Amino acid sequence: MKKNIKQIFLTICISALAIGTTGCLEEAFPQNSQQTAEQIKNAEKSAIARAIPAYFNIYSTDYDYDAGIPSIGLWRDAMSADLPIYNSEYDFFNWYNEQLYLGDYEMAYLFWRRYYYLLQKCNSTISVCSLDPNSEDAPYTGMALTYRAWTYMDLMRTYEYRSTGVERLDQYAESYGLYGITVPLITENTTEEESRNLPRAHFTQMYRFIMNDLNLAEKLLEHTTTVSAKNFVSRGVVYGMKARLWLELASRFDNHPEDLSLQLAAEDNEEYAQLEKLDITSANDCFAKAAEYARKAISEGIYTPTTESQWFDTSNGFNTPIPSWMLCVIINPNNGLAKSRTWQSMPSFLSPEVTYGVAHYTYEAYRMIDARLFSQMDQNDWRRATWIDPNEVADRSAYESKYSKVTSMSYTDWAKYAAYTGFKFHPAQGAVSVSTTGNAISIPLMRIEEMYLIEAEALAHSQGPGVGKQALESFMNTYRMKSGTTYTVKNTTLEGVVDAVFCQKRIELWGEGLILWDYSRLEKPIERGYPGTNHVKKYRYNSYPEKVAPWTIFYIPSSVHELNPACKLNPDPSNAIPNLWSE
């Protein structure tokens, strides 16, 4: 039975306040007050900054699905249509698939807490480091600002209420004034008293705040083109973050001109005077900037798309940083995720080869690609071999000629998997039976391929669908098609080119925790129920066209409102849409 932990949470908070600590506020609104800054002012600044990427590996033994912040990305992919599971009995990421327990339950608290503690790490670094680009602090401050921007982008896209087409939810949002507000803004200057009465920031402020952080980070990291480890931030990562943000703004303003009007009106808002203006006049301006910054990231010249041999490397594939990776999570062998966890790990959940994992055929909780998406993949796209073709299930000749290069499994073991099973992710060093080795993986947060795809979509809008079509075809034919074959975008309208880019993003970024943002940004329906679906019956929910799926808008824990009454709560999206395809 799922745990309602509201009372436990409140008890902990009340106890913390009773003994005169800020533990409760740190749980709900971790912040960097003067007291916190005093505690860390004499600490080594580099160590404080390193605590930010290190926090991605923090986990709780209370939850089997908790493999640190990367597992939140797995939750997001499970919410989409792109990551079906063969057998749901051992699916630890099922709540949002079934629309169950999405209100005041443990997941709501875990998500909120993780993100705000990450902000605390960022704010701690910013509070003690200089904003002078010529200071020796510049790499640390730049990294903290970029990670703070990354965190607020996630929070904004996770908690801002958008129209779902579900009458009771949309009416609730209208009645309580939820449209347009994101999350409370906690900075290095926020006091404890302020955090107790802090409303959710309007999107017009949040966009400028995030862009302001990235503008500062770009100046601070101007000369940081390379880093010693890819969980640190380089200039190219800032370019990538700005490309993501500009595309987010562009799509919103293109779909909702009324929001553009609000954003333009906010340019002269005195309350935002400390933030740089966006300096745009149209959605097209935003698309142009998205293309510009995606190209800047590409032009760094140090990131190159994943090759076929790197993609299919059974020892290092998607577990080790390579030139295409711009930013990632690194789990070293001494981290608890490797030392202490076995099947409660990302390789366990995503790699069918891992014998200690639930994705192994023993438990059948292996992940597949959506059947309809697979059917849209070009026959000559070499990535197609990542997933078992439904016409080649248990086919020995297909295994020997095609799939043996994709997996370290023997034919006998490989033949036990169903159509569409994905073999993209592998345990570290190919250690399929030793969790302490296999779980010490790296996990991509940003790859250069995403920049090529952002550029193609943004160019289709800003320079015409023909230019976007050419950019997408160039990427595909240079990096993803078998020698001597050609990829062509068939629908050359603007909508057709954008849809083609979205399709390629779904294929390219499968399992990486990013595609949900594109579903929401483009207001694409999440459809798991259709003829020929490979989603299990109880997960076959379809959201509504040109709306945001209700289960992707997270509930804010009620205890947050009790500690900070100015923070309005989202409606509980549990059981919002009927399952019409369960039979």
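Numbering of residues begins at 1 and proceeds along the displayed sequence. The model shown is predicted, which means the values in this text are computed figures rather than measured ones.
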Inset, instruction - For Asp313 and His426, test the side chains for any donor-to-acceptor distance below 3.5 angstrom and give the result as yes or no. - result: no

Inset, instruction - Please determine if Glu508 and Arg480 form a salt bridge, counting it only when a charged side-chain N lies under 4.0 Å from a carboxylate O. - result: yes

Inset, instruction - Ignoring hydrogens and angles, state whether a donor on the side chain of Asp91 or Tyr86 is under 3.5 Å from an acceptor on the partner side chain. - result: no

Inset, instruction - Give a yes/no verdict on a cation-pi contact between Arg447 and Tyr303, requiring under 6.0 Å between NZ or CZ and the six-membered ring centre and an angle within 45° of the axis. - result: no

Inset, instruction - Begin from the C-alpha positions of Tyr366 and Asn87 and carry the test side chain to side chain donor-acceptor pair (under 3.5 Å) through to its verdict. - result: CA-CA 7 Å; Tyr366 47 85; Asn87 186 334; over 6 Å; no

Inset, instruction - Verify the distance criterion only: is there a donor paired with an acceptor across the side chains of Glu392 and Tyr403 at less than 3.5 Å? - result: yes

Legend entry - Lys296 to Tyr293 six-membered ring, cation-pi geometry met (6.0 Å, 45°): yes

Legend entry - Derivation and outcome, ring pair (Phe, Tyr, Trp, His ring centres under 6.0 Å), residues Tyr96 and Phe554: CA-CA 10 Å; Tyr96 292 88; Phe554 284 18; 5.1 Å; yes

Inset, instruction - Would you sort out whether Phe287 and Trp246 count as a ring pair (Phe, Tyr, Trp, His ring centres under 6.0 Å), showing the intermediate values? - result: CA-CA 7 Å; Phe287 281 120; Trp246 279 119; over 10 Å; no

Legend entry - Short side-chain donor-acceptor distance under 3.5 Å, Ser324 and Thr306: yes

Legend entry - Ring-face cation of Arg113 near Tyr115 (centre distance under 6.0 Å, axis angle within 45°): no

Inset, instruction - Determine, stepwise, if the pair Tyr65 / Phe92 fulfils ring pair (Phe, Tyr, Trp, His ring centres under 6.0 Å). - result: CA-CA 6 Å; Tyr65 49 74; Phe92 293 90; 7.8 Å; no

Inset, instruction - Indicate whether any N or O donor in one side chain lies under 3.5 Å from an N or O acceptor in the other, for Trp311 and Thr386. - result: yes

Legend entry - Test item: side-chain donor near acceptor, Glu400 and Ser397, under 3.5 Å: no

Inset, instruction - Check the side chains of Tyr519 and Arg506 for a donor-acceptor pair under 3.5 angstrom, ignoring hydrogens and angles. - result: yes

Legend entry - Side-chain donor-acceptor pair present, Asn231, Arg50, cut-off under 3.5 Å: no

Legend entry - Short side-chain to backbone donor-acceptor contact, Asn575 and Leu100, under 3.5 Å: no

Legend entry - Donor + acceptor pair across side chains of Arg521, Ser251 (<3.5 Å): yes

Inset, instruction - State, without any angle test, whether Asn477 and Glu473 hold a side-chain donor-acceptor pair at a distance under 3.5 Å. - result: no

Inset, instruction - Sequence neighbours left out, what passes salt bridge (Lys or Arg N to Asp or Glu O under 4.0 Å) with Asp389? Give chain and number order. - result: Arg384

Inset, instruction - Establish, from distance only, whether the side-chain atoms of His360 and Thr362 form a donor-acceptor pair under 3.5 Å. - result: yes

Inset, instruction - With Phe423 as reference, evaluate Tyr417, Trp387, Tyr399 under the ring pair (Phe, Tyr, Trp, His ring centres under 6.0 Å) test and give the passing residue. - result: Tyr417

Legend entry - Side-chain donor-acceptor pair present, Tyr356, Asn439, cut-off under 3.5 Å: yes

Inset, instruction - Among residues two or more places apart or on two chains, list those pairs meeting salt bridge (Lys or Arg N to Asp or Glu O under 4.0 Å) that have a residue in residues 339-359. - result: none

Inset, instruction - Taking the side chain as every heavy atom from C-beta outward, state whether Arg367 and Trp510 have any atom pair closer than 4.5 Å. - result: yes

Inset, instruction - For the residue pair Thr412 and Ser410, confirm or rule out a side-chain donor-acceptor distance under 3.5 Å. - result: no

Legend entry - Verdict with reasoning, Tyr555 to Tyr105, per ring pair (Phe, Tyr, Trp, His ring centres under 6.0 Å): CA-CA 9 Å; Tyr555 185 81; Tyr105 292 88; 9.0 Å; no

